[in-house]
Amino acid sequence: MHSIGNLEISPNEIDLTHTLTPGQSFRWKQDARGRWVGVVHGRVLRIWREGNKIRFEAFPGDPDESLIRDYFRLDVNLAALYSQFAQVDPRMSGVIQRFKGLRVLRQEPEETLLSYICSAANSVKRISSSVEILSKKYGELIAEVENEEYYSFPTAATLAAVDSECMKGICSLGFRCANLNSIARQLSDRPGWLNSLRGMSYEDARKGLLELRGVGKKIADCVLLFSLDKDQAFPVDTHIRQIATRYYLPEFEQKSLTSAVYEQIVGHFQEKFGEYAGWAQEYLFYEDLLSREERSH
DNA sequence: ACGAATCCTGGGCA
DNA sequence: ATGCCCAGGATTC
């Protein structure tokens with residue numbers, strides 16, 4: 001009999017919608033009943049909230065609470081973070097109120113890096129669609145859930161062996177395919193290297209990632225924050241840049257996002273928010289994302 | 001060090 | 001219909 005897992009945790013400590021809406025991961029979808037379905041560690045995971053409980057299932061197999069705790073970083077206490085953020089930045093109180101329960105995920109490093117290579121000058125909607133095509137084409141079938149087949153994200157070894165011109169015609173990633181193939185080759189040449197960055201300092205891990213051709217600061221910082229346990233990593237994209245110049249660093253308004261400006265923005269927020277600056281980044285990110293959506297409707 | 005052009009592609013908009 | 005601009009970047013000159 002297929003079983004369902006239970007985890008008692010308040011909505012203040014985790015809000016699935018805020019956490020799984022695209023921005024960190026590109027693989028989660030909501031089904032007709034509002035349950036979130038995604039692929040994590042080679043399993044299909046279905047998860048939703050009922051009152052004060054999180055409920056979850058795995059396909060195939062049994063629900064694994066330790067996997068949920070690990071993936072959603074339930075060891076991190078949001079209430080403590082909130083009081084710290086609000087203390088150093090009064091404006092954060094309102095932002096936190098809006099996005100209470102948003103968490104940074106702990107994703108698989110290889111998948112995270114390869115996905116973010118696809119994100120260069122691309123929109124979330126198209127990244128998600130390309131990632132799905134790649135998985136279907138080069139990944140492995142995991143399970144069929146409610147008449148839908150789910151595939152694992154392809155391994156670096158697999159993508160390394162795919163001709164990038166050939167890939168181009170399939171996934172509509174264009175020039176990013178050559179990068180994807182190149183990074184995949186670099187990773188499969190050094191098995192275990194990427195995961196080993198988890199054990200290194202933020203500075204060293206960042207340096208390591210930036211040595212990969214095709215990985216700049218933005219992508220490096222995303223991979224550090226979303227998969228390599230570097231909570232101070234602070235990716236600066238156009239959303240963050242907007243927020244930064246609007247509320248915190250008006251003097252950068254006219255400046256283009258050069259390498260130096262990028263580092264100054266990162267430095268400002270790391271100094272302000274401290275070792276969990278990356279978590280604050282997600283809140284600021286969503287603030288701008290939603291305000292843009294409101295404006296365009 | 002900075003700014004600009006280039007890399008695919010689909011959607012929005014004049 | 002057609003052309004231009006841009007989208008959660010990185011590299012090169």
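Both backbone and side-chain heavy atoms feed into the values below; hydrogens, waters and symmetry mates do not. Proteins come first, then strands; the chains are lettered A, B, ... in the order of their sequence lines, and each starts at number 1.
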Between [N] and [M], how far is it from one [atom1] atom to the other, in whole Å?
{"N": "C:dC5", "M": "B:dA5", "atom1": "C1'", "answer": "15 Å"}
{"N": "B:dG10", "M": "C:dA10", "atom1": "P", "answer": "23 Å"}
{"N": "B:dT6", "M": "C:dC4", "atom1": "P", "answer": "14 Å"}
{"N": "B:dC13", "M": "C:dG8", "atom1": "P", "answer": "15 Å"}
{"N": "C:dA7", "M": "B:dC7", "atom1": "C1'", "answer": "14 Å"}

For this session: Verify whether the ring centers belonging to A:Phe269 and A:Tyr248 lie closer than 6.0 Å.
Result: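 Under 6.0 Å, so yes.
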Exercise. Between A:His2 and A:Phe59, is the ring centre distance below 6.0 Å?
Worked result: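 Yes.
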For this session: Apply side-chain contact (heavy atoms from CB on, under 4.5 Å) to A:Asn179 and list each qualifying residue two or more places apart in sequence or on a separate chain.
Result: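 Partners of A:Asn179 under the side-chain contact (heavy atoms from CB on, under 4.5 Å) test: A:Ile117.
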Decide, yes or no, whether a salt bridge links [X] with [Y] under the criterion of side-chain N to carboxylate O below 4.0 Å.
{"X": "A:Lys136", "Y": "A:Glu149", "answer": "no"}
{"X": "A:Glu203", "Y": "A:Arg206", "answer": "no"}
{"X": "A:Arg106", "Y": "A:Asp229", "answer": "yes"}
{"X": "A:Glu13", "Y": "A:Arg103", "answer": "yes"}

Problem set entry | Closest non-hydrogen atom pair between A:Arg198 and A:Pro109, with its separation |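 Here A:Arg198 and A:Pro109 meet closest at NH2-CD, 3.7 Å.
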Length of the line joining [X]:[atom1] and [N]:[atom2], which is rounded to integer Å:
{"X": "A:Lys125", "N": "B:dG11", "atom1": "NZ", "atom2": "P", "value": "7 Å"}
{"X": "A:Leu114", "N": "C:dG9", "atom1": "CG", "atom2": "C1'", "value": "16 Å"}
{"X": "A:Leu257", "N": "C:dG9", "atom1": "CG", "atom2": "P", "value": "9 Å"}
{"X": "A:Glu263", "N": "B:dA1", "atom1": "CD", "atom2": "P", "value": "13 Å"}
{"X": "A:Gln254", "N": "B:dC2", "atom1": "CD", "atom2": "P", "value": "16 Å"}
{"X": "A:Tyr262", "N": "B:dA1", "atom1": "OH", "atom2": "P", "value": "18 Å"}
{"X": "A:Ile265", "N": "C:dG8", "atom1": "CD1", "atom2": "P", "value": "16 Å"}
{"X": "A:Ile127", "N": "C:dG8", "atom1": "CD1", "atom2": "C1'", "value": "7 Å"}

For this session: Report the residues that fulfil ring pair (Phe, Tyr, Trp, His ring centres under 6.0 Å) with A:Phe56, sequence neighbours left out, ordered by chain and then residue number.
Result: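 Ring pair (Phe, Tyr, Trp, His ring centres under 6.0 Å) check on A:Phe56 returns nothing, list empty.
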For this session: Just jot down the ring pair (Phe, Tyr, Trp, His ring centres under 6.0 Å) partners of A:Phe26, sequence neighbours excluded, or say none.
Result: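 Applying ring pair (Phe, Tyr, Trp, His ring centres under 6.0 Å) to A:Phe26 gives A:Tyr116.
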Exercise. OP1, OP2 of B:dG3 versus side-chain N and O of A:Ser256: anything below 4.0 Å?
Worked result: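 It does, given that an N or O in the side chain of A:Ser256 lies less than 4.0 Å from OP1 or OP2 of B:dG3.
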For this session: Scan residues 215-245 of chain A against DNA chain C and write down, sorted by residue number, each residue with any heavy atom closer than 4.0 Å; if none is found, say none.
Result: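 Listed by number, they are A:Val215, A:Gly216, A:Lys217, A:Lys218, A:Ile219, A:Asp237, A:Thr238, A:His239.
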Exercise. By a strict heavy-atom criterion of less than 4.0 Å, which residues belonging to residues 166-176 of chain A are in contact with DNA chain C?
Worked result: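 Result for residues 166-176 of chain A: A:Phe175, sorted by number.
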Problem set entry | Dot-bracket encoding of pairs in DNA chain B, which uses [ ] for pseudoknotted crossings and | for another strand, Watson-Crick or G-U under 3.5 angstrom | ..|||||.||||||
Exercise. Which part of the nucleic acid does A:Ala260 contact within heavy-atom distance under 4.0 Å: base, sugar-phosphate only, or nothing?
Worked result: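 A:Ala260: backbone/sugar contact only, no base atoms under 4.0 Å.
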Problem set entry | Six-ring centre of A:Tyr247, A:Arg91 cation under 6.0 angstrom, axis tolerance 45° |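 A:Arg91 over A:Tyr247 ring: yes.
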For this session: Any chance you could measure A:Asp231, atom CG, to A:Tyr276, atom OH, to the nearest 0.5 Å?
Result: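 Nearest 0.5 Å value for the CG-OH distance: 5.0 Å.
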Exercise. Which of the following nucleotides, B:dC2, C:dT11, C:dG9, is nearest to the side chain of A:Arg213?
Worked result: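 Out of B:dC2, C:dT11, C:dG9, the nucleotide with an atom closest to A:Arg213's side chain is C:dT11.
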Exercise. Do A:Arg126 side-chain and B:dT9 base share a donor-acceptor contact under 3.5 Å?
Worked result: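 By the distance-only test, yes, there is a pair.
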